[in-house]
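Contents: one structure, followed by commentary.
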Protein chains: 2
Amino acid sequence: MINNDNKIQVTIIEDDKTIREGFTYLINASPKFNVVSSYSNVEEALGKLQANAPQVILLDIELPGISGVDAIPKIKSLLPKTHILMLTVYDNEELVFKSLSNGASGYLTKNSNTEKITDAIQEVIDGGAPMSMNIAKIVIKSFHKNRNSPLTKRETEILEQVAEGKSRSKIAKDLFVDLETVKSHIKNIYSKLNVHSREDAIRQAKDNKYI
Amino acid sequence: MINNDNKIQVTIIEDDKTIREGFTYLINASPKFNVVSSYSNVEEALGKLQANAPQVILLDIELPGISGVDAIPKIKSLLPKTHILMLTVYDNEELVFKSLSNGASGYLTKNSNTEKITDAIQEVIDGGAPMSMNIAKIVIKSFHKNRNSPLTKRETEILEQVAEGKSRSKIAKDLFVDLETVKSHIKNIYSKLNVHSREDAIRQAKDNKYI
DNA sequence: AATCTTATCACGCTATAAGGGTGATTTGCT
DNA sequence: AGCAAATCACCCTTATAGCGTGATAAGATT
């Protein structure tokens with residue numbers, strides 16, 4: 001019997017049998033990794049995961065029943081130290097960000113070759129965050145602000161503070177200007193963004209990445 | 001004379017002469033890239049950049065005078081299509097996120113070898129977002145929510161809406177509950193977070209990644 | 001020189017929103 | 001049976017939000 005004790009233990013949760021078995025084969029072919037278990041759905045996995053206690057879980061982002069995205073917090077509460085790598089076919093922005101805020105550590109595309117798969121697993125083990133070029137691009141782009149904002153520097157500054165939940169008078173204090181000045185700026189902001197409330201101003205500004 | 005016309009044009013802005021010249025040498029050694037210009041400071045670069053119009057700029061994140069971070073929007077307004085790769089020595093979280101929101105496309109550590117440098121340049125040209133393992137980790141971690149939030153699901157939901165600038169009555173409408181219910185939840189949230197205002201609640205929650 | 005933009009401040013007005021106190025009910029989970 | 005979570009009720013006071021209208025000074029732009 002081969003000794004798997006000092007290998008990195010991996011679990012796969014993926015409903016497509018071909019991919020599940022393909023990945024298992026490719027990963028087991030590496031001397032450093034061992035697939036301890038694989039499941040076709042989250043429900044079954046949750047019941048049995050603690051017995052395996054893998055260091056890394058490859059989790060399909062879209063699964064019937066409990067989705068991969070929703071499975072992340074459930075898995076994390078059972079195995080807090082386990083790294084979760086999402087398996088994706090195409091890049092769905094919304095699912096990517098939901099997975100991230102739920103606690104995923106990285107992404108692996110389903111058409112990856114052996115090297116990419118093992119590299120990614122090794123990278124999460126080393127504390128990294130492996131992802132495809134496309135995912136990295138989406139993530140980085142989410143930080144970029146719009147350089148064509150209609151708002152002036154001061155207006156942007158004030159709207160950012162509005163979005164932090166500050167009252168107009170608190171903003172005035174913090175910026176060392178009069179309350180009337182802040183009111184005036186906010187009036188101009190509303191007019192430029194064509195809105196009539198804090199809520200709408202914040203939404204507009206965030207949607208357009210003005211703030 | 002060597003024909004550089006169909007090579008990818010690169011500019012370097014970096015105050016350390018050794019690194020500037022080292023990178024220039026390494027990049028020029030590749031048949032695909034050509035360093036058209038290099039500057040030791042942003043001020044000089046801004047005046048001359050448009051004459052070169054490089055596709056990629058390697059920009060030191062920390063520079064005397066105008067910093068690399070602050071240079072990004074200025075460069076982008078001169079050359080909107082140019083990709084900016086930040087040069088870093090160590091990973092300063094704040095500078096990383098500021099660079100990103102200002103429009104940087106990726107990161108390159110100063111101790112990179114030729115392959116990493118040319119790979120990164122090629123990757124931004126291809127629309128990607130190259131970065132070191134550490135930077136990727138920092139970026140991904142910034143999305144992760146705290147799984148030990150003292151707030152219940154409903155409380156988290158409501159606080160998220162408060163952070164969107166919604167009034168209590170708007171939240172009540174959107175959640176199909178009574179205003180009194182929302183007030184009650186917010187009271188509980190304030191009590192759990194030990195705060196007495198929207199502003200403080202939002203700050204607390206964001207700092208601890210409860211929302 | 002004339003104009004525009006930006007940031008600043010003033011005053012008046014009305015509705016409501018925010019924060020706090022205290023307490024009750026119901027549902028679901030353990 | 002007990003507890004946490006979510007719901008709703010009624011009381012209270014002060015501050016806030018949003019709107020209208022207008023002024024002023026400094027800087028940039030044309």
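Because only heavy atoms are used, hydrogens play no part in the values below, and waters and symmetry mates are left out as well, while side chains stay in. Chain letters run A, B, ... following the sequence lines, proteins first, then strands; residues in each count from 1.
- Using a 4.0 Å cut-off between a side-chain N of Lys or Arg and a carboxylate O of Asp or Glu, E199(B) and K173(A) do not qualify as a salt bridge.
- For K192(B), the NZ atom counts as densely surrounded, since its 6.0 Å shell holds more than 12 non-hydrogen atoms of other residues, nucleotides or ligands.
- Classification of D174(B) and K170(B) as a salt-bridged pair holds, one side-chain N sitting under 4.0 Å from a carboxylate O.
- In this view, F143(B) and F97(A), F143(A) satisfy the ring-ring contact (aromatic ring centres under 6.0 Å, His included) rule, not counting sequence neighbours.
- Rounded to an integer number of Å, the gap from I186(B) CD1 to dG21(C) C1' is 16 Å.
- Using a 4.0 Å heavy-atom distance criterion, S169(A) is classed as a sugar-phosphate-only contact.
- Around NZ of K32(A), the count of heavy atoms belonging to other residues, nucleotides or ligands within 6.0 Å does not exceed 12.
- Note on R20(B) versus D60(B): no salt bridge recorded, every NZ/NE/NH1/NH2 to OD/OE distance being 4.0 Å or above.
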side-chain contact (heavy atoms from CB on, under 4.5 Å) evaluation trace for V69(A) with I61(A): CA-CA 6 Å; V69(A) 172; I61(A) 202 164; 3.8 Å; yes

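- Contact check of residues 197-211 of chain A against DNA chain D (heavy atom, cut-off under 4.0 Å) returns S197(A), R198(A).
- Judged by distance alone, the side chains of D200(B) and Q204(B) never bring a donor and an acceptor atom under 3.5 Å apart.
- When the shell of 6.0 Å around NZ of K141(A) is examined, it contains 12 or fewer heavy atoms from other residues, nucleotides or ligands.
- Nucleic acid contact class of H196(A) (heavy atoms, under 4.0 Å, all strands): sugar-phosphate only.
- Summarising the local packing, NZ of K166(A) is surrounded by more than 12 heavy atoms from other residues, nucleotides or ligands at distances under 6.0 Å.
- Surrounding NZ of K76(A) are more than 12 heavy atoms belonging to other residues, nucleotides or ligands, all under 6.0 Å away.
- Note on Y190(B): every side-chain N or O is 4.0 Å or more away from OP1 and OP2 of dG20(C).
- Listed by residue number, V177(B), D178(B), E180(B), T181(B) are the residues of residues 170-182 of chain B with a heavy-atom contact under 4.0 Å to DNA chain D.
- Put simply, the side chain of K183(A) and the base of dG12(C) share a donor and an acceptor less than 3.5 Å apart.
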Which is it for S38(B) and F23(B) under the side-chain contact (heavy atoms from CB on, under 4.5 Å) test, yes or no, and what are the steps along the way? CA-CA 10 Å; S38(B) 68; F23(B) 267 63; over 6 Å; no

Distances under 3.5 Å between protein N/O atoms and the N/O atoms of nucleotides 27-29 of chain C, please, pair by pair.
none

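- For DNA chain D, the span of nucleotides reached by chain A at under 4.0 Å from its heavy atoms goes, 5' to 3', from dT16(D) to dT21(D).
- Of the residues in residues 150-160 of chain B, none lies under 4.0 Å from DNA chain C by heavy-atom distance.
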